[in-house]
Undergrad: 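Pasting a structure below so you can have a look.
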2 protein chains.
Amino acid sequence: MRVRDFSRPTTLNPDRLFGQVAQKLAVAIITGRVKAGELLPNEDDLRSEISVSRTAYREAVKILTAKGLVEARPKSGTRAASRERWNLLDPDVLSWHFEADPNERFIRDLFELRRFVEPSAARLAAQRRTSADIARIEAAYRGMADGAPYAEATIRADMAFHEAIFSAAQNAALQCLASAVIATLQWSLLLKTGDEVAYIESLPDHEHVLLAIIDRDGDLASARMAGLVIDSLNTTLASLGTHYATETGKIMRIKHTK
Amino acid sequence: MRVRDFSRPTTLNPDRLFGQVAQKLAVAIITGRVKAGELLPNEDDLRSEISVSRTAYREAVKILTAKGLVEARPKSGTRAASRERWNLLDPDVLSWHFEADPNERFIRDLFELRRFVEPSAARLAAQRRTSADIARIEAAYRGMADGAPYAEATIRADMAFHEAIFSAAQNAALQCLASAVIATLQWSLLLKTGDEVAYIESLPDHEHVLLAIIDRDGDLASARMAGLVIDSLNTTLASLGTHYATETGKIMRIKHTK
DNA sequence: CCGCTTCTATCGTATGACTTTATCGCAGAC
DNA sequence: GTCTGCGATAAAGTCATACGATAGAAGCGG
């Protein structure tokens, strides 16, 4: 349970105390250890676990409030919010999900969203890309092609590839979904680690997307990206099924660096 | 400058002090009064404007940190973050944008996102809707059809219509984008208030979407929703141009209730 | 059995002191 | 003259404490 999102430096500092408390509470909520009831039972527990002042605790709660995980109402208590309230697309919330066991339903939802969004992003990227964008995407692709299948550098390159496409789409709102897309990527990579075949086979697909973007062919870029996402979803769901069938805890996890 | 998002109760309590401070700071950042430089000049100013303790101030900063608007680092200070870091799709961040002058670029981006996402949501809704979903969507449609064009109840019904469709899509990740879609709706309604013709004409489009969803015709629902979004964007951009040409400040704003 | 009062738990706010961390500038060495 | 390193310093972070307000529960009285 020690995976951290290393896509981009998460907004809240995990080195600081309040950040650690926030994460602890968030994971407890996301895993379901705390349902929609009181959250305060942990107040004393946390005090004993890590001696933490009320300040740090409150600031952690404020962070969770801002992300919709809890609802603090004066005098009545601070309750874990129901799932519909969560800002599931918040980068931190997404990354906290990696601390919990894979939730097949949620991963499927994320992939579905990605399936809708990323082809559109690719289309826009094809229409609006600058030469600098091309350079970024191409560099990322080279990183993927050159690196060893599941090396960290390769994974970073993969994420950079997709991020660069979102960036090239020149849409600030769309850009915010890049973290969600990258989260699905990380789930894929986490779950199907070791399946080198799937990885190698996905390389030409990436190249095709790149070429379509270079050609400014929006329709083609969109279609190819859609294919890429669907393939990724299929292999991921297959892996997820396998892992579920064997043992959940054995899923290899990526080490967090930096 | 007194518009509040009334789509759903925003996660952070605006009655509380820290919420007000957070909003004040957020608006200052979003409007650009504070760029990417120090934010602390306000610390003293705020102390004088509303006497606010360090506690409230810090908790407000934590909220903004959680939403990516600021970055606090020891010794260097608390800086407003660059726009790429903002969680633009966060409901609160979206609502704070209503406090600022309309940013045409951002509205266009939001509509673009909506253009990609909402047709897909309609498709899923058509495929997965239950009879309860139909009841909700239909009730919202009736509210739109029966109410006066720009009455508040009508606007609420309009928002409920779109929200209900997202809800029927049965996808938690997608659901999080409902707030963004509703924000575009609000921008539309804010900007083209008074244009009764456009509103009346949009009614049949809504009904067509509803019927397609009832028929479980995903393709049709998607196509009709796409048309609806495009129409909305066109009239909105036209209004925006007009308003820009005449006077920005004269844009009528919706009163916030509850 | 119901309604009112009281009581308590819990959040919100305020304040002051101390700690940690990172930046900047000065002094010394090469 | 440039580089290195150490310490001064400023700002955020943390802790402890206190008080106020009130929602909700418990107890009391009718």
Side-chain angles (χ1 to χ4, degrees), chain A residues 9-25 28-29 34-81 85 92 258, chain B residues 9-26 29 34-81 85 92 258:
Chain A
T10 146
T11 53
L12 74 92
N13 195 333
D15 297 333
R16 300 265 68 82
L17 194 46
F18 64 83
Q20 295 169 27
V21 176
Q23 159 141 350
K24 214 177 251 296
L25 293 175
I29 292 171
V34 178
K35 307 268 181 188
E38 285 286 340
L39 195 123
L40 264 287
N42 297 6
E43 182 188 11
D44 288 338
D45 290 353
L46 272 168
R47 284 285 195 97
S48 58
E49 202 169 331
I50 5 166
S51 93
V52 52
S53 77
R54 191 151 166 255
T55 307
Y57 172 78
R58 294 200 91 246
E59 295 186 353
V61 167
K62 282 289 165 298
I63 290 172
L64 299 190
T65 304
K67 295 180 185 301
L69 292 183
V70 304
E71 282 173 350
R73 286 219 303 268
K75 306 1 154 187
S76 117
T78 304
R79 322 178 103 82
R85 305 259 181 176
D92 292 314
K258 155 62 197 136
Chain B
T10 145
T11 53
L12 73 91
N13 195 333
D15 297 333
R16 300 266 71 81
L17 192 47
F18 64 83
Q20 295 168 26
V21 177
Q23 159 140 350
K24 213 177 251 299
L25 294 175
I29 293 171
V34 178
K35 308 268 183 189
E38 286 285 341
L39 193 124
L40 263 287
N42 295 7
E43 182 189 14
D44 289 338
D45 292 351
L46 273 168
R47 285 286 194 97
S48 58
E49 201 170 332
I50 4 167
S51 91
V52 51
S53 75
R54 225 164 66 88
T55 308
Y57 172 78
R58 295 200 90 246
E59 294 187 353
V61 168
K62 280 295 164 297
I63 290 171
L64 299 189
T65 304
K67 294 178 186 302
L69 292 184
V70 303
E71 282 172 351
R73 287 219 307 264
K75 169 62 186 171
S76 97
T78 305
R79 320 179 105 85
R85 305 260 181 174
D92 292 314
K258 160 65 192 105

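If you're wondering where the values come from, they're calculated on a predicted model, not measured in any experiment. The sequence lines fix the lettering, A, B, ..., with proteins before strands; numbering per chain opens at 1.
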Undergrad: Minimum heavy-atom separation for A81(A) to G68(A), with atom names?
TA: CB-O, 3.4 Å

Undergrad: Indicate the atoms forming the closest heavy-atom contact of V52(B) with Y57(B), along with that distance.
TA: CG2-N, 4.0 Å

Undergrad: Suppose we screen for side chain to side chain contact (heavy atoms under 4.5 Å, CB included). Which residues come up paired with T78(A), at least two apart in sequence or across chains?
TA: L40(A), V61(A), V70(A), A72(A)

Undergrad: Anything under 3.5 Å between a protein N or O and an N or O of nucleotides 16-25 of chain C, put it in a table, one pair a line.
TA:
from: dA17(C); atom 1: N6; to: R54(B); atom 2: NH2; distance (Å): 3.0

Undergrad: Whole-Å distance between dG12(C) C1' and K62(B) NZ?
TA: 17 Å

Undergrad: Check the phosphate of dT15(C) against T55(B), side-chain N and O only, distance under 4.0 Å to OP1 or OP2. Yes or no?
TA: no

Undergrad: Taking the minimum atom-to-atom distance to the side chain of L17(A), which one of dC11(C), dC15(D), dA14(C) wins?
TA: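 Of dC11(C), dC15(D), dA14(C), dC15(D) is nearest to the side chain of L17(A).
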
Undergrad: Which whole-number value in Å describes the distance from E71(B) CD to dG13(D) P?
TA: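 In whole Å, dG13(D) P lies 12 Å from E71(B) CD.
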
Undergrad: For E59(A) and dC11(C), give me the distance from atom CD to atom C1', rounded to whole Å.
TA: 15 Å

Undergrad: Please state how far atom CZ in R58(A) lies from atom C1' in dT17(D), giving the value in whole angstrom units.
TA: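 From R58(A) CZ to dT17(D) C1': 14 Å.
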
Undergrad: Could you give the distance from CD1 (I63(B)) to NZ (K67(A)), rounded to the nearest 0.5 Å?
TA: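 Reported to 0.5 Å precision, the distance equals 11.5 Å.
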
Undergrad: Which atoms form the tightest heavy-atom contact between V21(B) and A60(B), and what is the distance?
TA: CG1-CB, 3.6 Å

Undergrad: At their closest point, which heavy atom of A22(B) faces which heavy atom of L64(B), and how far apart are they?
TA: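 Looking at all heavy atoms of both residues, the closest pair is O-CD2, 3.7 Å.
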
